[in-house]
Amino acid sequence: MSDKKRIIVAGGGAAGLCAAVCAARSGALVTVIEKNNVLGKKLSMTGNGRCNLTNLKIDGSFYNASSKSRMDKWLGQFGPIDTMDFFRSLGIITMTEDGYVYPVSEQAISVVNAFENELKRLGVEIVYNSQLKSIEHIDGVDGYEYIVKASGTEYRCHKVIIATGSLSGAKTTMSTGDGYYICKKLGMKVKDTYPALVGFKTSEDDIMPDAGVRCRGEISFYLGEELLTSEKGEIQLLSTGISGIPVMQASRDIIKLVSEKKPVYALLDLFADYDDKSFDRLKEEMLKLRDNRSISEFLSGFGNSHINDMILKRMKLSHTMKTSNISDSMLSCILDNYRKIKFNIADSNGYLQSQVTTGGISIGDVNDDFSYVGDPGIYVIGELLDVDGRCGGYNLQFAWMSGFIAGNFAAGKPEELR
Ligand SMILES: Cc1cc2nc3c(=O)[nH]c(=O)nc-3n(C[C@H](O)[C@H](O)[C@H](O)COP(=O)(O)OP(=O)(O)OC[C@H]3O[C@@H](n4cnc5c(N)ncnc54)[C@H](O)[C@@H]3O)c2cc1C
């Protein structure tokens with residue numbers, strides 16, 4: 001038997017691919033078992049096909065509260081600059097846009113191809129259509145520590161890295177959350193999971209625009225009087241719900257309440273950059289335009305036509321009403337509505353349309369090198385862990401970081417780290 005460490009990496013997604021490259025570069029004999037018939041299916045869809053690899057504006061506060069302090073420590077070991085260096089070593093040059101880092105090719109598939117080529121070069125075995133089923137500790141029998149069972153085959157190895165991902169992503173990504181069940185059987189604590197970075201369905205009673213609209217504004221979510229969270233940016237109003245980056249960012253803070261069917265609602269302010277005085281001045285200017293025009297015509301100079309229609313319907317006002325017949329205070333009230341459009345949240349759009357899963361394997365169950373505290377030959381990395389970040393490259397940064405650290409430690413080369 002070779003004296004090289006034999007490592008099985010379960011899951012050929014972002015975290016598993018990074019771990020496999022690092023472990024093989026550190027001299028281990030690595031096999032990747034991947035349930036799909038290709039590597040990095042979800043990775044190839046990231047960043048709208050551009051792959052937002054990481055973000056230069058980063059610290060623990062961009063991640064969920066329970067992982068914040070550990071993240072600061074891990075980012076000190078492998079931060080965004082290390083990610084960019086790592087990708088350069090794979091032949092991928094990066095570019096930044098306001099801190100957001102992408103491959104210059106602007107093609108996520110080029111990232112997947114670079115991993116595939118490097119794994120081939122390093123002699124890593126890749127087994128496709130192979131689903132991890134279980135891991136058993138065999139305490140050094142035949143010099144090995146674990147039997148890994150996957151789709152009718154058994155592998156003996158010294159270390160196992162579990163990188164099977166979460167429940168989020170389209171059906172083709174095979175994100176069925178297998179890892180939660182496998183890790184639970186190994187004794188790990190699995191925190192309740194919810195879809196995150198996701199849009200929401202609004203209540204059937206809410207009048208929505210007839211066609212999808214993108215608008216800039218601030219969306220604030222409330223439970224009763226309590227402000228839960230607030231985000232600014234480009235919001236999407238659809239005929240059945242709300243989405244867009246600000247809604248997705250906010251989703252991480254409200255998803256549990258929404259899942260519990262608590263009456264969460266959102267208020268959209270389409271003039272968030274105006275303070276009360278400047279909005280009053282804007283209204284005064286609008287009121288001066290008041291003449292024989294219909295309210296619909298009048299509002300066309302103020303808001304998006306689909307939003308104007310929605311507001312009039314919500315206020316039960318006829319489009320043909322002449323503005324000359326509407327009082328100043330009523331017109332002012334109509335315009336004020338653009339600052340507080342209410343959406344009653346009925347449900348999330350679910351795991352299939354979410355970018356990440358919040359919850360998962362408690363990070364209290366892993367050591368700083370991502371080995372399981374109850375059996376340090378087993379490593380858990382990537383989104384399977386209870387770590388989720390904001391939109392903007394933070395989730396892939398965690399996948400690379402945990403893959404890099406676990407891959408090097410599992411192969412016995414922790415000196416690769418600072
Ligand atoms: C549409 C979309 C866009 C996104 N865009 C971005 C972005 O631009 N930037 C960003 O930072 N994050 C983005 N994310 C989030 C990011 O893709 C994930 O956080 C990241 O891929 C998680 O990496 P992972 O390796 O843990 O899981 P995955 O990438 O999901 O990989 C898990 C792998 O394990 C395999 N697998 C599952 N079960 C088994 C099993 N039992 N046996 C063997 N293999 C198994 C799966 O087939 C998969 O290949 C996006 C997510 C989505 C859905």
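On a predicted model such as this, the values are computed, not experimentally measured, just so you know. Counting starts at 1 for both ligands and their atoms, in listed order.
Relative ring orientation between Phe271 and Phe279 is described as tilted, the plane-to-plane angle lying within the 30° to 60° band. In this pair, Tyr102 and Tyr100 present their aromatic rings parallel. The plane angle is below 30°, not in the 30 to 60° band. Ring-plane geometry between Phe86 and Phe115 is classed as tilted, the angle between the planes lying from 30 to 60 degrees on a 0 to 90 degree scale. His158 and Tyr144 have tilted rings, their planes meeting at an angle from 30° to 60° on a 0 to 90° scale.
Atoms of ligand 1 lying under 4.0 Å from any heavy atom of Asn395, numbered from 1 in the order shown and given with element: 11 (O), 12 (N), 19 (O). Of all the atoms in ligand 1, the ones that sit under 4.0 Å from a non-hydrogen atom of Thr173 are 46 (C), 47 (O). Within ligand 1, the atoms closer than 4.0 Å to a non-hydrogen atom of Ser130 are 42 (N), 43 (C), numbered from 1 in the order shown. Interface of Ala163 with ligand 1, defined as ligand atoms under 4.0 Å from a residue heavy atom, comprises 32 (C), 33 (C), 34 (O). Close approach of ligand 1 to Tyr394 (heavy-atom distance below 4.0 Å) involves ligand atoms 11 (O). Under a 4.0 Å criterion applied to the non-hydrogen atoms of Gly13, ligand 1 contributes the atoms 25 (O), 29 (O), 31 (O), 33 (C), 49 (O). Listed by number with element, the atoms of ligand 1 under 4.0 Å from a non-hydrogen atom of Met174 are 37 (C), 47 (O). In the vicinity of Gly165, heavy-atom distances shorter than 4.0 Å reach the ligand 1 atoms 26 (O), 27 (O), 32 (C).
Neither the backbone nor the side chain of Ser168 comes within 4.0 Å of ligand 1, counting heavy atoms alone. Counting heavy atoms under 4.0 Å from ligand 1, residue Asp178 touches it through the side chain alone. Contacts between Thr54 and ligand 1, counted as non-hydrogen atom pairs separated by less than 4.0 Å, are absent for every part of the residue. Under 4.0 Å from ligand 1, not a single heavy atom of Ala150 appears. At a heavy-atom cutoff of 4.0 Å, ligand 1 is contacted by no atom of Phe398, backbone or side chain. Of all the heavy atoms of Ile33, the ones lying under 4.0 Å from any atom of ligand 1 belong exclusively to the backbone.
Ligand 1 has no atom lying under 4.0 Å from any heavy atom of Leu43. Contact analysis puts Ser354 in contact with ligand 1, with a non-hydrogen atom separation below 4.0 angstrom. Taking 4.0 Å as the cut-off, Ala108 does not count as a neighbour of ligand 1 on heavy-atom distance.
Side-chain rings of Tyr379 and Phe409 stay apart, their centers remaining 6.0 Å or farther from each other.
The shortest side-chain heavy-atom distance between Ile8 and Arg156 does not fall under the 4.5 Å cut-off. Lys201 places none of its side-chain heavy atoms less than 4.5 Å from the side chain of Thr240. Between Ser110 and Ile92 there is a side-chain heavy-atom pair separated by less than 4.5 Å.
From the protein, the heavy atom lying nearest to atom 15 (C) of ligand 1 is Gln355 O, 3.7 Å. In terms of protein heavy-atom proximity, atom 9 (N) of ligand 1 is closest to Asn52 O, 3.0 Å. Scanning all protein heavy atoms for the shortest distance to atom 12 (N) of ligand 1 gives Leu396 CG, 3.6 Å. Scanning the protein heavy atoms around atom 17 (O) of ligand 1, the nearest turns out to be Thr46 CG2, 3.3 Å. What sits closest to atom 44 (N) of ligand 1 on the protein, heavy atoms only, is Lys35 N, 3.1 Å. Nearest to atom 29 (O) of ligand 1 among the protein's heavy atoms is Ala14 N, 3.5 Å. Atom 36 (N) of ligand 1 has its closest protein heavy atom at Thr164 O, 3.9 Å. Ranking the protein heavy atoms by distance from atom 49 (O) of ligand 1 puts Glu34 OE1, 2.7 Å first.
Residues forming a side chain to side chain donor-acceptor pair (under 3.5 Å) with Glu34 (at least two apart in sequence, or on another chain): none.
In summary, of the residues considered (Asp82, Thr83, Asn55), a side-chain hydrogen bond (donor to acceptor under 3.5 Å, both in side chains) with Gln397 occurs for Thr83 alone.
In the model, Asp178 has a side-chain atom that pairs as donor or acceptor with a side-chain atom of Gln131 under 3.5 Å. Under 3.5 Å, the side chains of Ser203 and Asn344 contain no donor-acceptor pair of N or O atoms. In the model, Thr320 has a side-chain atom that pairs as donor or acceptor with a side-chain atom of Ser318 under 3.5 Å.
Checking only distances, Leu384 never comes within under 3.5 Å of ligand 1, N or O to N or O. Checking only distances, Ser166 never comes within under 3.5 Å of ligand 1, N or O to N or O.
Ion pairing of Lys232 with Glu218 is absent here, as no side-chain N (NZ or NE/NH1/NH2) approaches a carboxylate O to less than 4.0 Å. With respect to the salt-bridge test (charged N to carboxylate O, under 4.0 angstrom), the residues Glu285 and Arg281 do not qualify. Ion pairing of Arg88 with Asp85 is present here, as a side-chain N (NZ or NE/NH1/NH2) and a carboxylate O approach within less than 4.0 Å. Residues Asp206 and Lys342 are not paired through a salt bridge, judged by the lack of any N-O separation under 4.0 Å between the basic side chain and the carboxylate.
Comparing Gly169, Gly403, Gly382, Gly47 by heavy-atom distance to atom 8 (O) of ligand 1, the nearest is Gly47. The closest non-hydrogen atom to atom 40 (C) of ligand 1, taken over Leu132, Val9, Ile162, Val38, comes from Leu132. The closest non-hydrogen atom to atom 18 (C) of ligand 1, taken over Arg50, Glu383, Lys41, comes from Glu383.
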